[in-house]
There are 2 protein chains.
Amino acid sequence: MAKHDPDLSLIFQALSDPTRRTMLARIGLGAVPVSELARPTGLALPTVMRHLSVLEEAALIRTEKTGRTRLCHARPETLAATADWMAEQRLIWEARSDRLEAYVANLIKDA
Amino acid sequence: MAKHDPDLSLIFQALSDPTRRTMLARIGLGAVPVSELARPTGLALPTVMRHLSVLEEAALIRTEKTGRTRLCHARPETLAATADWMAEQRLIWEARSDRLEAYVANLIKDA
DNA sequence: ATGTTACTTAGTCATATGGCTAAGCATGAC
DNA sequence: GTCATGCTTAGCCATATGACTAAGTAACAT
């Protein structure tokens with residue numbers, strides 16, 4: 001059991017690098033082999049592998065090796081969980097703004 | 001002009017630290033002075049200040065000094081912009097899953 | 001069997017990050 | 001004026017990060 005729930009620290013850390021975001025966007029369009037992910041970046045393969053392992057440890061992707069090529073797949077659940085956290089914070093922050101606006105509006109009305 | 005748009009690298013980097021997420025959540029509830037943010041963390045003040053400057057450079061918060069105390073305010077626009085990026089990726093990833101599911105369903109139907 | 005392809009592993013290096021202490025500098029209280 | 005308060009600045013330290021090269025290993029292809 002226990003699909004050990006999303007670790008926001010690992011996820012945000014993974015998302016904080018532009019190279020990784022680019023790779024992730026590409027993977028999001030459909031499964032990709034490592035070498036094809038590496039090509040547009042111009043980075044050395046070991047470097048790309050490290051980026052991938054960061055993404056995999058954050059559970060943003062899953063990889064599977066067939067023969068000598070490794071395919072990278074997106075894991076939408078993780079992205080969804082993260083989006084949920086953001087949405088939650090957003091609600092709180094904006095509720096707060098609403099209260100502030102209401103307060104200001106009230107001040108103006110009474111002036 | 002140009003409110004120089006949100007830098008996702010800075011934002012995700014800022015969000016990747018649990019201490020900063022905690023501080024951010026607190027600030028999201030309403031403006032807080034630095035010392036009050038520091039207290040529950042048990043961290044030294046300079047450390048807290050550094051966390052705050054990371055959050056401020058990511059435009060997740062704004063701070064304003066009055067007398068000798070500095071107040072920290074949330075900046076919901078930045079969180080909103082980030083949530084938008086996530087929502088966008090999510091759509092793409094899930095659209096992809098849908099297509100895959102449709103494909104599988106089709107295979108099964110024809111079997 | 002031999003070579004090529006596609007990763008892997010190991011190890012190095014420069015810079016960034018997150019924490020600290022020790023002083024410093026305004027502001028508000030007495 | 002003097003002192004406590006609330007940040008600020010400066011500088012140090014350990015570890016993490018992102019990049020590399022060089023050398024390995026496991027599949028295919030011929």
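Order of the sequence lines sets the chain letters (A, B, ...), proteins ahead of strands, with each chain counted from 1. Just so you know, these numbers use all the heavy atoms, side chains as well, and skip hydrogens, waters and symmetry mates.
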Quick one: CG on Leu37(B) to OG1 on Thr63(B), what's the gap to the nearest 0.5 Å?
11.0 Å

If you compare every side-chain N and O of His51(A) against the phosphate oxygens of dT17(D) (OP1, OP2), does one of them come in below 4.0 Å?
no

When rounded to whole Å, the NZ to C1' distance for the pair Lys65(A) and dA27(D) reads 9 Å

Rounding to an integer number of Å, can you tell me how far Met49(B) CE sits from dG6(D) C1'?
9 Å

Whole Å only: how far is the CG atom of Leu55(A) from the C1' atom of dT17(D)?
14 Å

Minimum heavy-atom separation for Pro18(A) to Ser9(B), with atom names?
CD-OG, 3.5 Å

Examine the side chains of Arg90(A) and Thr82(B) and answer whether a donor and an acceptor come within less than 3.5 Å of each other.
no

Between Leu45(A) (CG) and dA23(D) (P), how many Å, whole number?
17 Å

Checking Arg20(A), Arg21(A), Gln13(A) against Phe12(B) for side chain to side chain contact (heavy atoms under 4.5 Å, CB included), the one that qualifies is Arg21(A)

Val34(A), nearest nucleotide to its side chain (from dC7(D), dC7(C), dT17(D)):
dC7(C)

Distance below 4.0 Å between Ser35(B) side-chain N/O and dT5(D) OP1 or OP2
no

How long is the line joining CZ of Arg68(B) and P of dG24(C), in whole Å?
20 Å

Which whole-number value in Å describes the distance from Arg21(B) CZ to dG18(C) C1'?
15 Å

Protein-nucleotide distance (Arg50(A), atom CZ; dC7(C), atom P), rounded to Å:
18 Å

Which of dT21(C), dG18(D), dT17(C) is nearest the side chain of Ala44(B)? It is dT21(C)

Looking only at dA19(D), dC20(C), dG18(D), the nucleotide nearest the Thr47(B) side chain is dC20(C)

Using a 4.0 Å heavy-atom cut-off across all strands, classify Pro46(A) as base, sugar-phosphate, or nothing.
base

Could you walk me through whether Leu60(B) and Ile11(B) pass the side chain to side chain contact (heavy atoms under 4.5 Å, CB included) test, one step at a time?
CA-CA 7 Å; Leu60(B) 283 163; Ile11(B) 293 168; 4.2 Å; yes

Given that Gly67(A) and Asp17(A) both sit by DNA chain D, which one's nearest nucleotide is further toward the 5' end?
Asp17(A)

In whole angstrom, give the distance that lies between atom CG of Leu43(A) and atom C1' of dT17(D).
14 Å

Does Thr69(A) reach a base, just sugar-phosphate, or nothing at all? Heavy atoms under 4.0 Å.
sugar-phosphate

